[in-house]
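Predicted model only: the values in this text are computed from it and were never measured. Every chain is numbered from 1, with letters handed out A, B, ... down the list of sequences.
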Amino acid sequence: MKLRRRTVLRGLLGSATVSVGLPILDCWLNDRGTAFAGGGGLPKRFGLWFWGNGILPARWVPPDEGRGWTPSEQLAPLRPVRDDITVVTGLDVKTGNSIPHWSGPAGMLTGAPLIVRSGEDYTFEAPTLDQVIANEVGGETRFRSLELGVKPAEGMSHNGPDSRNPPESEPGRLFDRIFGGGFRAPGADPTPDPRLRLRRSVLDAVIEDIRRLSPEVGAQDKLRLDQHFDGIRALERRLARLEEAPPNLDACAVPDRPTNDYADVDGRPPMPEIALAMNEVLAMALACDQTRVFTFGYTHPLNNVLFPGMPAGHHRLTHDEPGDQPLVNQIVISIMEQLRIFVERLKAVPEGDGTLLDHSVVFATSDTSFGRTHTLTEYPAILAGSACGVLKTGLHYRTTPGDNASKLGLTLLRAMDIGAPSFGVGEGRAETTLGGIEA
Amino acid sequence: MRALGWTLAVGLATACASDAEPESAPALPDVPAADAQMRRLTAEQYVNVISDVLGADLVLTTVLEPDTPSGGLVALGAARTALSELGVERYETAAFELAEQAIRAPESDLIPCATADRASADCLRAFVVGVGRRLWRRPLTVDETDVLVGVGVDAAQTLGAPDAGFEYALAALLQSPHFIYRNERPTPDALDEWALASRLSFLLWNTSPDERLLDAAEQGELQTDEGLSVQVDRLLRDRRARRGVRAFFSDLLELHRLDDMVKDPTLFVHFDAELGPSAREQTLLDVERLVFDLDGDYRDLFTTAQTHVNRRLAATYGVPASSREGFALVDLSPADGRRGLLGQVSFLALHSHAVATSAVLRGRFVRTALLCGEIPAPPVDVNTALPEPTDDARTLRDRNRVHLENENCAACHQLMDPIGLGLENFDPVGRWRSFDNGARIDASGVLDGAPFADAWSLAERLRAHPQLAPCFVRQLYRYAVGQDPTADEDSLVDVLAARFAAGGYRVQALLVDIVMSSGFRGLSEDAR
C-alpha cells in the first residue's frame, strides 16, 4: 500500500513533542506523535536485528536495483518476503575502524567513533539508535525497550559511555519478565495484585536513598547514580502499568511459557530453536504494546559460534577459510534464513487493516562488512516493514557507493517521527536522509 | 613519622611480617590519594555477602547484571560501569527471592525476638537496625531506619502477615544503593572508618566486614596504625583470606571465563564441560598453596614443578590419575615439558581458539596482564588471515612469520608472538604435542633479550623478567583501590614493588603493605 506522508520537522532531537501532518494507515498519531488513541489506533515500532562477523560483499549486493530485484546468493532466503523488505547497499561507515567488529556498530548505530582508552578498553560514545528512539517513545509503554539475544552476549544497545543494556538470552526468563509477575491478559480480572503497590513503595525508599547519596559523590559517580535512578523510575512505571487495565489490543495474547533448557548438541548451540522461542515472546510483547523498541541479537559481534556442519567457529572461519570462503557463505545464508523467519513472525500478527510488520521498521545489520578484513565499506543494511507506510518496501536501493551510512540512521529517526536535524558527529555526521527509500 | 610508627607496630603485632621486615626496603611514602569511587558489588561479592549475612543455605536463581572488566580487571569495571535498566530489575527480583527465603527459613536467627513478638514495630525496628548494619556496612541513620520500618509495617498490614513486614524491609535494604555500591568517598581527612573497613574486608575476604571489624571501625581503631594492622593480621590469618586472594587471581587471570569455555568436542575428545572448572580450581589451589601454605615467592608461580591435578586433568596432563576424587599434588619434571602457570590448562586453553592455538592470544595475555605492557589494536583494513599450511610452512610458527617479517606488523607482534610460539607444544586444550601438521614444533625464542629453548625454559625467563614482579604489585594495587594509580600514586607503587622484592616477593606481606599505605587509606595532605 502506498501512502503519502507529510511531516513537519521540529527542532532539536530530544525535545518532547513532534508534530505530524497526516495520520498514516490506521496508525493514529496523537499530538505527541507516538501513542495511539484508545479507539483503535496502533503504535509504531522500531527494532534492530543483528548478526556478527559480517557478509561477503561480492555475494551480497543484488545484481539489479529497484523493485522486483533479483536476490543475490546471500539474500536468496529472503525471497518470500522481498516485498516487505528494502535492501540498502553502497553505504560506508565513515567513523574509523580502530576496534574491528565494534567500530562498525558504533558508527552505524551512533554515527560516532568508539571511545578507545586502550586496545582492550573501549566504549560507545553516544546512545545507539534504539535508545535514541526509546528516549522518545519509550515512556508510553511498560518497557522502554527490550534487549534480547540468542546466546549470552554483550549486545549492541548502549546509552553512552560505559553504559550498555545487556540482552536477555533465555526465552523462559524473557517470558517471565514480560508475562509473569502480575501481567493480566486482555479480558482478565481487573483487580491488580496488592503486592505491586508494595513493591513500588520499596522502590520509593530506594529512590530516596539515591537522592540523598547523589550530592556526596563525584561527577562520574553521579552520572552512574542518575542512570540507576532512571532504572528505578522505569521499574516503578512498569509496575504501575501492571496495575492498570490489561491492554486493549486484539492480537494480544499470552504465549506459552518457553522452556529454559536449550542444551548444546555436540557442542553446538541450537540457535534456530532458541530464536523461534524468542520470536514468539517478542511478537506478543509487541502485539500487547509492552514495548515499541527492541534489539535482537541473533549472533553477536566477534562470535565464534560453531554452526552445524562447520569445522570451526564463525569468526575463525572468516579469517582462516581460504579463497571464496564457501563455508562462511553458507553461514551468512543460514543467518538470512533466520531473518526471514523473524520477519514472517511479525507479519503473521494481524493489526488493524495490516500486520505488526506494517507498523514497524526493523533494521538488520552486522558488525562489519567483509569479515576477513573488517571493512566498513558496502556495509550490510536491510529494512523490514514500512513504519506505517513512511518507508518504501520491496526495493533494492543502491545509494551512491561510498555514501555516509549515517544517512540511514537519520532516515530511521525521521521514520519514527523524530525530527532530528542530523545524526552523527564529525565524519559520521549526516544532515540528509536517503530520500529514495522514503515514501 | 607515620611510616616509622607503622613499622614498629607491625613488628610487635604480627609474627609473620616482622622476621621478613626488610632492612634495605624504602619506607612507604605519603602520597595524596585519588578520589575514591563508587564500586558496584561484583556478582560473587553479592553472593558472598548474602551468604555471610542472611545464611549460607539461601539459593539465588536470578542472574545478576554481568560483571564487566575495564582495563583488564572486573574490579575496575565495577567502579566505572553504569547499571542497566535490566540490571536494576534483576536486583529487585533477586531481593525478593532472597528476602522470602531468609525470613521463612525455619532456623533463621535474623529476627531478633520471639515468635509471639514478631508483630511488634519494635521487633521490626531491631531487625532493620541489626541486619542493616551488616548489609550496608555501617549503622543506619534514624531517618533511614524510620523509612524502612514504614515500608515493613505497610506490607505487614496490607498482606495481613507480620513476616511480610520483615520480607519487604529486607527487600528494600537489598535494593538500596548503600548495599549495591561500596561508597568509598573520602571525608576531609581520610576514607571514613566504615569505607575503610569495607575496603579492607573486600580486599582480603571478598565480602562485607564481619561484626568484629565493624566494631573496630566503630571504636575508631582503624584510624590508627596499630588498630589497622591488628585487623589486617586477623583477616589474613582467617580461612576467608583464601577466598579473597582467589578472587584477585580469578580477576587477573580471567578464570571465570573457564566456566563457559567452548572447544570443539569433535576434535578434542579430552574436552568436556568439566575441564574448564577443573582447570580453574587447579590454578586457584596452586595460588592458595603458594600464598598461604608456603608464604612463598610470587615468582615461583611460574617455575613451580608441583601442581594440583584431579582425575579430569590427569588425562590432559598425561599423568597417572589418582584413584580418589578431588585434587592431589603431583610433581612435574622436564619430561612433562610444562611447569608453572604457563603450563596450566587454565592459561593455555583460555587463550586459544575453539579449534586451534593462538600464539597472539597467549602472548598478548602474558605481555599485558603479567608484564603490564600496552598493545594497541590491529590497524584498519589489514588482512588478518594467516596463510594456510603448506609443505614448506606447516607449523604455526612458519605461518606466523609475516607478523615478524613485515615491519608494520612486527612493532606489536614482536611483543607477543615469541612468547606464544614458545608454548606451541600445548594444543588448544592444553595437552602436550610434539608435532603440528606433521612437522616437529620448534618452541625456542627470545623473551626481551633472554633466549629460551622451550616452554620449560621460557618459564624461567618469565620468572626472571624485570617487569614480572612490579607488574603484579601494580595489578594488586589497582584491584585494591578499584582504579588506575594517579601520577602521585605511581611513586607509591614503585616503593611497594621495591619492598616486595626486598622482602622475598611474598604476597601476604604485599597485601599488608598495600593496606597500610596512604593510597589505600585515602589519607589526604591535611591528615599527615
Side-chain angles (χ1 to χ4, degrees), chain A residues 96-100 116-121 144-145 147 152 159 162-168 173 177 194-195 197-199 201-203 205-206 208-210 213 216-218 220-221 223-225 227-228 230-232 234-235 238 266-267 304 306 311-313 316 319-320 322 372-375, chain B residues 35 37-38 63 65-66 68-72 80-89 92 95-96 144 147-148 150-151 154-155 158-159 164 168 171-172 175-178 180-181 183 185 260 262-267 353-356 368 374-378 380-386 388:
Chain A
N97 205 359
S98 45
I99 306 283
V116 180
R117 301 179 186 121
S118 82
E120 311 276 331
D121 194 1
R144 219 167 129 272
S145 66
E147 290 75 46
N159 306 307
D162 295 315
S163 178
R164 60 187 174 81
N165 303 309
E168 179 56 77
R173 274 211 307 260
R177 199 176 167 219
R195 286 175 296 183
R197 183 189 64 75
L198 291 173
R199 284 165 68 188
S201 81
V202 167
L203 293 172
V206 175
E208 256 322 290
D209 285 344
I210 294 178
L213 182 56
E216 296 179 1
V217 301
Q220 268 306 111
D221 285 338
L223 291 176
R224 294 164 70 208
L225 275 181
Q227 185 157 326
H228 194 152
D230 289 345
I232 301 273
L235 182 52
R238 291 204 281 285
D266 291 334
N304 207 31
L306 273 167
R316 177 96 176 133
H319 289 296
D320 288 359
R372 168 178 278 180
T373 56
H374 308 132
T375 55
Chain B
D35 286 335
Q37 286 171 314
M38 261 176 26
V63 175
E65 175 107 327
T68 309
S70 180
R80 264 189 203 158
T81 55
L83 190 61
S84 73
E85 229 175 80
L86 179 59
V88 170
E89 194 177 303
E92 204 234 2
F96 280 99
E144 288 167 341
V147 168
L148 291 165
V151 165
D154 184 9
T158 304
L159 300 176
Y168 277 76
Q175 291 175 67
S176 172
H178 301 304
I180 290 171
Y181 298 100
N183 191 16
R185 69 195 183 282
D260 297 325
V262 170
K263 303 286 176 185
D264 191 329
T266 63
L267 292 179
H353 298 297
V355 297
T368 56
E374 272 270 332
I375 300 179
V380 171
D381 289 344
V382 73
N383 185 340
T384 61
L386 287 179
E388 283 303 295

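Under a 3.5 Å cut-off, the side chain of A:N97 and the backbone N or O of A:H374 do form a donor-acceptor pair. Distance alone, capped at 3.5 Å, places no donor-acceptor pair between the B:E85 side chain and the A:G231 backbone. Using a distance-only test at 3.5 Å, with no hydrogens or angles considered, no donor-acceptor pair links the side chain of A:R224 to the main chain of B:L83.
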Should A:L225 and B:Y181 be marked as a side chain to side chain contact (heavy atoms under 4.5 Å, CB included) after you check the CA-CA gap, both sets of side-chain angles, and the distance that decides it? CA-CA 10 Å; A:L225 275 181; B:Y181 298 100; 4.1 Å; yes
Pair A:N165-A:N159, side chain to side chain contact (heavy atoms under 4.5 Å, CB included): steps then yes or no: CA-CA 7 Å; A:N165 303 309; A:N159 306 307; 2.9 Å; yes
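Using a 4.5 Å cut-off between heavy atoms, A:E208 does not touch chain B at all. With a 4.5 angstrom heavy-atom cutoff, A:R238 touches chain B only via side-chain atoms. Using a 4.5 Å cut-off between heavy atoms, A:R197 contacts chain B through its side chain alone, with no backbone atom that close. With a 4.5 angstrom heavy-atom cutoff, A:I232 touches chain B via backbone and side-chain atoms both. Contacts between A:R164 and chain B at a heavy-atom distance below 4.5 Å involve backbone atoms as well as side-chain atoms. For A:D221, the parts sitting under 4.5 Å from any heavy atom of chain B are the backbone and the side chain alike. Contact annotation for A:L223: neither backbone nor side-chain heavy atoms come within less than 4.5 Å of a heavy atom of chain B. For A:L235, the part sitting under 4.5 Å from any heavy atom of chain B is the side chain, from C-beta outward, and nothing else. For a residue to count as touching a neighbouring chain, one of its non-hydrogen atoms must lie under 4.5 Å from one of that chain's; by this rule A:E147 does not touch chain B.
Of all the listed residues (B:E89, B:E65, B:Q175, B:Q37), the one sharing the greatest number of non-hydrogen pairs under 4.5 Å with chain A is B:E89. Listed options A:P167, A:P166, A:S201 were ranked by heavy-atom pairs under 4.5 angstrom with chain B; first place goes to A:P166. In terms of heavy-atom pairs under 4.5 angstrom with chain B, the leader among A:V202, A:V206, A:D209 is A:D209. When each of B:V151, B:V147, B:D154 is checked for heavy-atom pairs under 4.5 Å with chain A, B:D154 comes out on top. Taking B:I180, B:T158, B:L148 one by one and counting their heavy-atom pairs under 4.5 Å with chain A, the maximum is reached by B:T158.
The pair A:R199-B:E92 meets the salt-bridge criterion, since a charged nitrogen lies less than 4.0 angstrom from a carboxylate oxygen.
B:N183 and B:M38 make their closest contact through OD1-CG, 3.7 Å (heavy atoms, listed as atom of the first residue, atom of the second, distance).
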